[in-house]
Each structure stands twice: as structure tokens, then as C-alpha cells.
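Below you'll find the structure, written out as C-alpha cells, and then a few comments.
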Amino acid sequence: MSRLQVVSGKGGTGKTTVAAALALALATEGKRTLLVEVEGRQGIAQLFEAEALPYEERKMAVAPGGGEVFALAIDAELALLDYLQMFYRLGSAGRALKKLGAVDFATTIAPGVRDVLLTGKACEAVRRKDKKGRYIYDYVVMDAPPTGRITRFLNVNDEVAGLAKIGPIHNQAQAVMRVLKSPETAVHLVTLLEEMPVQETVDGFAELRAAGLPVGRILVNMVRPSVVDVPVRTDVRRTDLAKALSSAGLGGARKGGHAEQLVDPLLAQAAEYEERVALERGQRGLLTELDLPVHELELLTEGIDLAGLYRLATDLRKQGVA
Amino acid sequence: MTLDPVPVLDVDPLIDDPTTRIIVCCGAGGVGKTTTAAALGLRAAERGRKVVVLTIDPARRLAQSMGIDSLDNTPRRVKDLDGDGAGELHAMMLDMKRTFDEIVEAHADPERAEAILSNPFYQSLSAGFAGTQEYMAMEKLGQLRARDEWDLIVVDTPPSRSALDFLDAPKNLGSFLDGKFIRVLMAPAKVGGRAGMKFLNVGMSVMTGTLGKLLGGQFLRDVQTFVAAMDTMFGGFRTRADATYRLLQAPGTAFLVVAAPERDALREAAYFVERLAAEEMPLAGLVLNRVHGSGAARLSAERALAAAENLDEPRIVDQEDGKEELRNSPESTATSSSSTAPSSPSTAPSSSPTAPSSSSRAPSTPTTDPTDSTDSTDPLNSTQPSEAQQLAAGLLRLHAERMQLLAREQRTRDRFTALHPEVPVTEVAALPGDVHDLAGLRDIGDRLASGDRPAGAA
């Protein structure tokens, strides 16, 4: 199992939720995972119903069997100062740089520096060891930028390494790239069974492959359970349907009766349902063609709370994802 | 069912008003922002305006739905508009590198432009690192407005880390250009030929030394050459960015916050509404996409489920339940006409001559074992649910699911409304699939303009 698990997906597919559930699942049975956020949205804190995360690794949750999930919201600016301090003992120079606006420049405007810092910090956590030489974190799960930007985000180190041809930034970028392109890393794509997210997944997969980045699994989120068999039968007369509804206590079956009035709207809903199921089947087919492991996670209709997260984590474990 | 009436966002007066010159669609990723922008543009054009839609990162299908195989950095005319008084619709997709290149070409002499375009730092910067897209979207918007060829510009916003980044773009650029740092960067290049180093103080040389150490000498030199070459253009950059920012605050601009009735999307929408207010940007309202409705909203999820269970049960139980249902549910008697209400249990018998016999078929619902329960009942009055009953049970379960969805959507929506009761809202009924053609976009436009909620959306 790869030690750095990157979770991407189109906006709105629930990649933060899936990343958190994956971190929980991987922590099961006494493991320790770090869940990192790179987009400054504080989605993890909201998910775990906690206060906004500082730039500090914090224990967020306990997994079944005594594992632990830590979380970190990586802040590019602090990561840069941190980095300068760690590698160059540039504490005061760092402050001076900040005063000059150089830190702003580096983290918001300079091409790629921000992304290098974010991926760099995650890779540092992957490689970090304790005094006995054991890894501090068994797994690092990254709630990454959306599919449309993931390849550039992960590949930016390559570009920077080409831009800064020598020097520590160059070396750092190359070291990060070695981790990202190795089997130590797996990039998972979260999608829904809808046209646009699936199309983006298919495109994202091709881009990642072309860039030599390791794609892990397809995680289909919010899969709705089957409610009725399709195709919905059409050989039942409307009058019989009205009578059946009436027999269930829903009012009169005669024309204009309450049960009778239900027939049209209910059949219309059934037609929509059929259309949706057919569309989902088509999208599933497209995903299967990618030849990656595909996993489905049920829609938690009451929204995602902590209990829901644990449920998704259990489901991921059952499916062998963690 | 809502406590207070929420003001309805009326889209048509907004797009028909000749003083509306820019509409900005913003919101979280995956809520249908781009589709909303395209549908609005089409509707405005078919109602007589000359419109250009600037999309940032459209799905291929959306471009195709406008009859354009691939959108690029030049506005392309969309054909086959409906309506007698139709205006024009043009669509384009932001190409940030192309836009950046064009600025360089337009504002620098050929030699300098060439130096900039071939600079490795510039090439990376323009190819779209974090932030470039936002600057270029603003730049493009300013350009389109300055050309004054269209009387309405509908713009989509970039799929950013946060939907707000594009508002910060001019400010970031400004603070960078105002900063000392840029002077530090430029200093060595400028100083190069000079003997005197009077304005390059020690601190600065330490700084460039540090940067050189970090980035590598070549990289720093690339940056310096780039900054020096861009030097004369920076002023223009900032002037234009500031102008665009002011344009967004001007009366001719309307922001539409786009969201779906989901917790995260609406949370981001609420955040956006607050941010726009803080920036004194004119908010027209909220477009709530993918709202579900039901033509049978009077039937609650609970009653539908109870009725479905009722239909699954063996007949004898069914009749008891049916009566009980009637007794326990004042709603059913209250809403039923006096003639139909008492008749409901009596219309139940499955031995009814019109009901097709189903004794030979296995029921699709596995909840009851019909063979066990037949013993206790009259064989003529078969306990096995008829086909109509099976179908009815399925339809009722579907309905219950729909009603639960409606209730969830209502709750998330109410949270938003509680925070921002003043924001006008238009709801767009969910479509089963994606938009594939102009007719689909037109349909969305109709839904946008109808303003009211889909049937039954509570």
C-alpha cells in the first residue's frame, strides 16, 4: 500500500470527505495517518466538527482499534518560512524577506513555488522518521486540488526543477518528484456517476498517466441505492394503479380522487428515475474502461457527520481500499 | 412551508436592462456555474441583446452544446438562435497563456516582447501557475469591455481554490508591484552598468544573495531579466487591473452567486455573499441549481413508505392496516373529499376483476413470503400483491426518496436564507442529464427565468 495517498476529484464530488474517510480507514488497527489539506479551505476541520486547523499537526480522531488520525492544513507562507529555517537557518532573513514582500511573491505570484511548498511538506511528512528510524506516520493522505489541476499541481516540481537548474530549490523539487512518481504514491480520483465528473476523471486519468504519475483507484462517491427495479413495468393499467394506491389508504381511485391524482406524478418520477439509472449505467461503463480498481461509496442521505465518516471508512476497509 | 417569503430573483428584467453590461457568475466548483453563464447568455441574446460569454474552463460538451467544437481565446459567434428579435451570442474560452502573450505583444516593442516571451520564467508564469488564471480572467474581462462590441458580457469565474481568488487578483498584483521586493529584484539588472551602488543597500544585496542561493543563479537571473523587461508594462498592468476592479463595483455589473442545494456549496455561497458586500460589489441574487421538486408533494415520505409497506403485506393485514391508516391519519381524511375517503379500504380487494391475476408470478419484493401467509386467507382473495400493487409500492418508495431529498434541500436552503434573507433567489429544477445542445441551454434559461421553485419544492 502506497504511503502517500493523494485524493483528487472534480469540485463537488466530496473529495475532502473521501480523503478523511480514507485516513480513518488507513489508521484502523493501531496505525497513524496524517491527513493534509493544501487549499486553505479548512474543509477537514469542518468535517471533524473542530476548530480551524493551525499550521500544526493535530490529533483529529481515533480510529477503530486504537489508530490515530492527525490533520494538518498546510499554509504555503508558513511552510516557506519553516523551510527556510529548517534548511538554511534563515530565521531572521526569513522575516526580512517577509517584510520585503518576497514571501508574498513566492507564495502567491512566483510560478509554482506555492505548489512546491505544499507537495514538499507532504513528502516531508511521508519521509519523517523517529529516533528509532521508524516512520512517524504510516500513511499520509492528501486532500488535493481538483482533477482539473491535479497533474499540474503534482508535476510542478518537475517544472521548477527545470526552471531552477541548480541550487536547493532544484534539489528539493527533484526529491519531491522522486517520491511522487514512485510506487510510494497513489493518486485516487473521486467522482460521481454523472457526465461531467466522469469526463473529468477520464481526462484527469490520461493526464496523470502521461505525466508519469501513479494513479491508484477510482472512488465513486454518493452512489444512490437502487429503489425499484428498472425498467419500471409499463403493462399495468393506470386505473389498476390508482386502485392499488387507494387500497394502501391513499384516497379515492376514481377520476379526481386523491389516489388517482397521484398516478401521473408518480409515473413521471419513475421515468426520471429510469433515465438517471440508465445514465449512471453508462457512466459506470466509462469508468470501467479505465482499467483501474473502481469502488463505490453509498450516498449518506443525512449529510456527512462523524458517524457517516466512520461508516465510509468501514466501507473502504471492507472493499480492501485500506 | 417557508417561514418568510424569500425575494425571488427575476432574471429577465436583469438581462433585458440595457444598463446591465456585465454579469459575473461565481460559486463553488461543480455547481453548474459555466452552464448557468452559457444559459443566461443564450437567453439574453435571444431576447435581443448582443452578448459575449467568457467561460473559463468549460466542459467539452458545453462548448459543443453551443455548436462550437472547441472554444478558444477569440469570441466565436453561436449560430441558430431562436426568436424574431434575437441579438447575437458569442462565446469564448479564456486561454491564459494567449491572453498574457497578447498583452506583452500589445504593450512592448517587438524586441522587448520577444525577450519577454522567450524568458523561461515568463513561460512558466504564463502557462498557468496558481493565480495566473485569475489575473488573466480579469484582464480579458477588461479587454472585452473596452472593445465595446457587446452590450452584455457574461463571465464565468475560475475553478479556484476558493471562489474568491479572482477578486484578490488585482490586489495581489498591486501589492506585488508596489512592494519593495520588485525593486530588489530589478536592482541588480539596473545596477549592472552603473558604477555607483548608492541605492542598493547592504540589506538588499544580502537578500539577492540569499535568493540566488535558494533558487540558483540562473533562475534568479531569469526572474530579473523578466522583471526588467516587464518594467515598463507593470504600470499598465496595475492601471488595468484597478480599472477592472472598479468596473466590477460599477452599477452596470451584476454578480450572481451560483450554488446547488448542498451544504458545502451553500456555505461557500453565503461566504461569497458576505465577501461581495465587503467589497461593495453589486449582488443580484442567488441561482440555486439542481433543485428537486415533486408533482405529488402533498404525499409525505412517511405516508408513502407506510402505504408501500401496506401494499407489500398480505391482503388481510393490508386491510387492517388500511383502516388503521385511515383512523390514525387525520390528514388523509381531511384532504380527501367526503365521498372518496371512506371508499379507500373498500376499493382494495385484489380479487377485483380488473386486477390481473398474479398468482403465478413471484413478487419482486422479498419482504414477505407469500406461500406462508396464504394458508390463513381465503385462496380466492390471493395474498400475493398484484402487479399493480407491486408497481404502486415501488413508485411510493421512489416518491418517499424524492420527498426526503426535498426536505434535505429545504433544510440547507433555509440555513442560507436565515443568514441572508435579503438575497433574492431563483431556483432551477434539476435535470436528469447534462446539457448537450442549444435546446438544453434554452431549457435551463427558461427554468432560470421562471424564478419560482419547481413544483412541490417546499
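Residue numbering restarts at 1 for every chain, and letters A, B, ... go by the order of the sequence lines.
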**Asked** How about A:Glu272 and B:His292: does a side-chain donor come under 3.5 Å of a side-chain acceptor?
**Response** no

**Asked** Looking just at side-chain N and O atoms, do A:Arg233 and B:Gln390 make a donor-acceptor pair shorter than 3.5 Å?
**Response** no

Find the distance between [atom1] ([X]) and [atom2] ([Y]) and round it off to the nearest 0.5 Å.
| X | Y | atom1 | atom2 | value |
| --- | --- | --- | --- | --- |
| A:Arg276 | B:Leu431 | CZ | CG | 14.0 Å |
| A:Leu262 | B:Leu396 | CG | CG | 7.5 Å |
| B:Leu391 | A:Asp229 | CG | CG | 11.0 Å |

Testing the basics here: between [X] and [Y], what is the closest heavy-atom pair and its distance to 0.1 Å?
| X | Y | answer |
| --- | --- | --- |
| A:Gln269 | B:Leu398 | O-CD1, 4.3 Å |
| A:Ala244 | B:Leu311 | O-CD2, 3.3 Å |
| A:Pro265 | B:Gly295 | CB-C, 3.6 Å |
| B:Gln389 | A:Ser247 | NE2-OG, 3.9 Å |
| A:Asp235 | B:Glu387 | OD2-OE1, 4.3 Å |
| A:Leu241 | B:Ala388 | CD1-O, 3.6 Å |

By a 4.5 Å heavy-atom criterion (distance strictly below it), what part of [X] contacts chain B: side chain, backbone, both, or neither?
| X | result |
| --- | --- |
| A:Asp203 | side chain |
| A:Ile304 | both |
| A:Ala270 | both |
| A:Glu195 | both |
| A:Gln261 | side chain |

Using side-chain heavy atoms (C-beta onward) and a distance below 4.5 Å, is [X] in contact with [Y]?
| X | Y | value |
| --- | --- | --- |
| B:Thr35 | A:Met196 | yes |
| A:Gln46 | B:Arg263 | no |
| A:Leu245 | B:Leu395 | no |

**Request:** Would you confirm whether B:Arg298, through its side chain, and A:His258, through its main-chain N or O, come within 3.5 Å as a donor-acceptor pair?
**Result:** no

**Prompt:** With distance as the sole test, does B:Arg402 use its side chain to make a donor-acceptor pair with the main-chain N or O of A:Leu266 at under 3.5 Å?
**Reply:** no

**Prompt:** If you count heavy-atom pairs under 4.5 Å between each of B:Glu262, B:His436, B:Gln404 and chain A, which one has the most?
**Reply:** B:His436

**Message:** Using heavy-atom distances under 4.5 Å, tell me whether B:Ala296 contacts chain A through its side chain, its backbone, both, or neither.
**Reply:** both

